[in-house]
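Everything below concerns the one structure shown next.
Naming: A, B, ... by sequence-line order, numbering from 1 per chain. Only this structure's heavy atoms are used, side chains among them; waters, hydrogens and symmetry mates stay out.
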Amino acid sequence: VKALPSLAGVPVPGPQSDQVYSGTFHGQPIAFHGLKRLLGAADYSKSGDRHTGLAAANDLVREAARSLLAGLTLQHLYDHPLTDDRGQVDEVMRVNYDIDRGGFATIAHLTLGELKDHLLGCSGEAVQRVGRALTGVMAAALAKLCDVHELILVARKVTRTTRARTVLGTPGTLSSRLQPNHPTDDVRGITFLCYWGLSLGAGDALIGVNPAVDTVENVTTLLRQLDTIRRRTGVPTQVCVLAHIKTQLACLDRGVPVEILFQSLAGTEQTNQLEFDISVDLLDHGYRTMAERGALKDSANQFMYFETGQGSELTYGKHHGIDMTTTEGLCYGLARRYDPFMVNNVTGFIGPETHLDNGEMILANLQDHFMGKLLGLPMGMAPCYTLHARITLEGQQLATQLLTAAGANYFMDVCLNTDRMLAYFDTSGHDVQTLREIHGRTPAPEFLEWCLHQGIFAHGGDGAIVRGPHWGDPRRFCTSGSEFEDLRSATPAAYGFETAGPRPGDAVQRRLRPNHAVAREAIHAELDVDELQQITPFRVVETEAPSKEAHLGSPALGARLSPRTVGQLRPEHQQVQIVVSDGLSAAAVHHNLPDLLPVLLDGLAGRRLRQGQPILARYGRVKLAEPIAERLQADLVVHLIGERPGGDAQSARSLSAYLVYRLADPEVRKQAVAFNGHRDLRFEYTVISNIYAGGLPPLEAGGGIVEKVSAILAWQAAGNRLEALMKTRTAPLDASPRG
Amino acid sequence: MNHAVKLVGLDFGTTTSSAVIASAQVVRNSVTGRMELSQVRECYRSDIVFTPFHDDSLDEERVREYLDGWLAAGGVHPEEIFGGGALLTGLAAQASNSAALVRLIRRRLREALIATANDPCLEAWLAFMGSCTGLTRAHPDTPIVNLDIGGGTTNLALGVNGEVLRTGCLFVGARHIQVVPGTYRIVKLSRYARPLLDQLGIGKGPGDSLTMEEVEHVLGFYVRLLEGAVAGTPHPVDDPVGGLHQLVAFRLLPEMPHAVVTLSGGVGELVYAHLAGKPPPPTTAYGDLGIDLARRLVNVPRWATHLRTYVPASAGRATVYGLLRHSTQISGSTVFLPRQEALPLVDLPIVGTVLPASSDLRLRDLVELIQRSPKGGCLRAMLAGPSWQVVRELGQRIARVLRAQGFPPTHPLVLLVPEDCGKLLGHYITEWGALPLNLVVIDEIAVRDAHFAHVGALQNQVVPVSFYGISAGGEVT
């Protein structure tokens, strides 16, 4: 077990004032104010860095930045730690300075360009020695100077093995992390997806579930179920529920077997503290607790598991002017402190606001893998996407080919590429086996033995490992046909078990891909205003998003009214204002509104609530309700908006109703602030989601929205405060809405 | 989103009684969108005990002891129980004090659980669901007839793909002729056995020993009755004893003449044990003809392949497992229930069905029936793929009738709806709160063709509903 050095004992140079980096390039003078801007401009242009103004304006500016960066010494980077918005060195940066100082002394004089050349020419052991002397910022700076071949070549040299029940990362292996997520944490569906994945030879890195509900009770149930599956099948692997670290530690306190401790990381202290609710102290506590009491404390060399991905700091507005690659490098510097069993990179998960298309996603993944391997981490890769980005399955597959060549330790097994809970698209068990066959890889040795025994794999005629007679057959883990049917009945998007070689059979593909297509079309479809006007006469307003592309790529635009609309809307002082916008699925609006809106209008009239003429907004985001409520001085906005589609056609038509209560009354606002703890609180939200034919039907949603609207107005509260007030069962003095 | 519940199943039969207690999760099936029970895990299974008779009545004190012992051993408090129920079946249901016993069980368990006696079609349905649910789902195109053969009765149910379509009941069972264990010396004859022996020309009674030939005659009669029922061949009209043995006629569907046969109940369990190669119990070890009946059934030529190929689960405890897992339905999560205190409601008569096409006169008649019922009542509402307009129109029409009839605002009125539109229908019936009513609308319920319903209290957005007094035809839907 690694001793964790005291943070205070890690020497870090003090903050420096920004320096101007400048030069003349092909006759054009170009300058960058500060190291953050130089690092940002030196990177491949990516959507997130473009939104923050860090990306280079053109190729020449980018190359100028790279030239200037390549000329900086490592000592320069060392002497100029990047600071937060207050000009301070945060704790993530401080952890990054916990490096091999002896090693650093030998390379400090090198420029980044010289170091890159050295890495391309030296051995794998030498790369690893250098890596131990680098901070995340230095690794990121190097990544920006490398082309695709270089990112692959250097990473490929590094072997990073870790050991729990299985040994990951040994040469010639390619492992997989089985992710049997289920939208309602139904253990039947989770069990079914585990069986399916195991039958594909997936899961040697880990079987890990992202819980839909992060409570100790639920996570306990899931951990016990995964433990049961592991014992029943006898599979040599490790299990994990990817809940918050505090939840997992609470489970451990209850005596639940926590084998591997998971946590998502960000590259700035502010993001970690305010968004992820973690700190270095908490991570240290988790690490030490696992060393003392973790289920594998006596057998595993490592027991921590981190997930990261470019752009999370940026989307929370807590990146401190640092580009996405560099904050990702800082994550790795933090992860390195805990000698993790695995690090999983999910760049592409967020959406087009960080990575717009295949090229951006692929390059970012290669950069991340390069940085992680260089800094000594056991990198697993999850090149992934959401349907509102211009990233496709084919782009994802290209990424996996390159990352396998680069020596990634493992990929994900998300069954048929469709995560049923998180509404995104990742690699599958079929993909992993395909890559193994193309690149001549096998699973981790212990797991392989088990697969051979199960008939999932077999020895081929030439001694090679081939698919066995039971590959792809999840039935073999069920005790009966009825158990199999029971498990399958609770599993969405199970499009069939036919296979062709290591791939899903074409019949399966032909069921799978149209569902994805319908879902993607739902995002890119435009609202048909004329058709919607047939339901009720809308007044149409504009957001600041001028186009669908701008709307998808920049979420902030759809949350603001255009100046013209701002000028048109006047205070009306109605109790309720209905707003309809496409959000991320215009199809959701068109499929649900014909049933939902008449009910809603009937119900509000039946309850004698005053309402304004309904509003229709193209390219709207959830927060658009706030400026509308302010302009109209409405007590409550009912915002009906399309949800981000997942992987099946039906749920791509899912709508949400955000009931946005304006805290106009100073006394009510005071109570809300006291309850919620946010001083600047101006609105409270109640959400009714999953409105579609296979979820909450629009008819019932209409009735439910009317009930909630009445309750919010009567209690003068929304969200958790409303629920807490209603639990007191003390009716408000005047429970009837003003009529 | 999921919540844990406890389920119980109690079966007091002609010969034996038993209890099973289980924990389960109420979950929303993310494929169908419906609420259902998942992870049903048995946490207690009682020993099978002899049903405590005292002459022709049940020994209430012993039953009370069993109940308390089972609940204690299962670690369950009555208030934790979400679903399941208790049944008095076969000859136990005909005991002189069966009604009193039902009341006792209700008091001991939660009031809203079904506890009933002499409901043969419910028993047949439960036995089928308890033993054949997995089998019928694994063979969705195969009609299955399950014969649940106990001490006093054989309950028949025809089902396809998890749905029971027909039920029936015969007085065929192991215990109509009770004998001294190890012999065929008669101890007691049931009211059905006496005329049977007379018809067969066997002039024997208590104290006399039956010859093997006579035993085979009796068994032959039983097997013919069972085979005839399964084949859809009713007993001949000139066979009064055959008619006496029929409690509820089993009418096979013409389009399903060749159903697969499965067995459950005590005799069914003996059959499958025999087929599994287990040695048979000693001659008349249980003091009746059950072992001999099982031997005869194994050798019915038309069933031989079926019995070896289609083996149901939990044959011997089919009814109690059916009670545990299938007697309670879970509503959808958007019921119309303005006041939670309105539930539970028990023993509600189901007075009829309303359709969008129902006349105002029909609506008025149904409302009047409920108005006259002291406990209030239930209506089925069948809306088949409802649109907003259909729900609104039906709701507004019902509202008009209720207003016109002066329906009392506190009188319980429950609507049971198969579709997911309960909340909306309730809002339109109550005119969005303007018409004061004690109305509950329960949706996503497979409304059974039953005479009574129990509606339990709201738990985490859902309501348990049970039916009894079930008709032989199966479900209305």
Side-chain angles (χ1 to χ4, degrees), chain A residues 182-189 191 212-213 215 217-218 221 225 420-421 480-494 594-600 602-609 648 650-651 690 692-704 706-707 710 729 736, chain B residues 1-4 25 27-36 38-41 132-140 161-162 311-313 332-336 338 340 383 385-392 395-396 419-428 430-435 441 443-444:
Chain A
H182 189 279
T184 59
D185 287 337
D186 190 323
V187 296
R188 294 170 301 173
T191 303
V213 178
T215 61
E217 288 71 24
N218 190 48
T221 301
Q225 181 65 15
R420 290 147 184 81
M421 198 270 284
S480 64
S482 57
E483 186 196 357
F484 178 81
E485 289 302 325
D486 183 45
L487 299 180
R488 187 165 78 156
S489 72
T491 311
D595 273 338
L596 193 157
L597 196 55
V599 170
L600 187 52
D602 254 10
L604 295 176
R607 292 280 168 101
R608 296 172 54 222
L609 296 171
D648 75 280
Q650 203 179 24
S651 67
N690 245 11
Y692 68 102
L696 175 61
L699 290 179
E700 289 293 80
V706 172
E707 287 179 7
S710 301
R729 295 183 183 277
S736 60
Chain B
M1 63 183 66
N2 305 338
H3 74 279
Q25 296 279 324
V27 303
R28 178 181 290 280
N29 185 311
S30 56
V31 177
T32 64
R34 299 187 87 117
M35 304 301 292
E36 62 186 30
S38 169
Q39 296 170 257
V40 179
R41 294 205 172 109
C132 294
T133 298
L135 201 56
T136 186
R137 291 249 156 80
H139 303 278
N161 196 16
V311 180
S333 57
T334 54
V335 296
F336 181 80
Q340 290 190 29
L383 292 147
S387 68
W388 157 65
Q389 291 92 337
V390 168
V391 176
R392 180 170 71 164
Q396 289 175 339
E419 295 84 6
D420 190 359
C421 62
K423 190 180 284 291
L424 186 62
L425 184 59
H427 278 307
Y428 277 118
T430 57
E431 298 172 343
W432 298 95
L435 177 59
V441 187
D443 62 10
E444 297 191 68

Side chains of A:Val187 and B:Gln25 in contact at under 4.5 Å (non-hydrogen atoms):
no
Tested for side-chain contact (heavy atoms from CB on, under 4.5 Å) against B:Phe336, the lone hit among B:Thr430, B:Leu424, B:Leu425 is B:Thr430
Taking the side chain as every heavy atom from C-beta outward, state whether A:Arg188 and B:Val27 have any atom pair closer than 4.5 Å.
yes
Between A:Gly603, A:Gly694, A:Gly606, which residue shows the highest count of heavy-atom pairs closer than 4.5 Å to chain B?
A:Gly603
A:His182 side chain reached by A:Pro492 side chain, heavy atoms, under 4.5 Å
yes
Counting heavy-atom pairs closer than 4.5 Å to chain A, which one of B:Gly433, B:Gly134, B:Cys421, B:Ala138 comes out on top?
B:Cys421
Which label fits B:His427 and B:Trp432: parallel for a plane angle under 30°, tilted from 30 to 60°, or perpendicular past 60°?
parallel
Counting only heavy atoms closer than 4.5 Å, note whether B:Glu36 contacts chain A via side chain, backbone, both or neither.
side chain
Toward chain A, the part of B:Arg392 with a non-hydrogen atom under 4.5 Å:
side chain
Which atoms of A:Asp648 are under 4.5 Å from chain B, going by heavy atoms: the side chain, the backbone, both sets, or neither?
neither
Can you tell me which portion of A:Thr221 sits under 4.5 Å from chain B's heavy atoms? Options are side chain, backbone, both or neither.
side chain
What's the shortest heavy-atom distance between A:Gly702 and A:Leu600, and which atoms?
O-CD1, 4.4 Å
Whatever's closer than 4.5 Å to a heavy atom in chain B on A:Leu696 counts as side chain
Okay, A:Glu707 and chain B: the region with an atom under 4.5 Å from a heavy atom over there is side chain
Is there a donor in the side chain of B:Ser333 and an acceptor in the side chain of B:Arg28, or the other way round, less than 3.5 Å apart?
yes
In terms of heavy-atom pairs under 4.5 Å with chain B, which of A:Pro598, A:Ala494, A:Pro594 leads?
A:Pro598
For chain A, which of B:Gly422, B:Ala434, B:Gly33, B:Ser387 has the most heavy-atom pairs under 4.5 Å?
B:Gly422
Heavy-atom check, side chain of A:Asp186 versus side chain of B:Asn29, under 4.5 Å:
no
If I measure from the heavy atoms of chain B, does A:Glu483 come under 4.5 Å with its side chain, its backbone, both, or neither?
neither
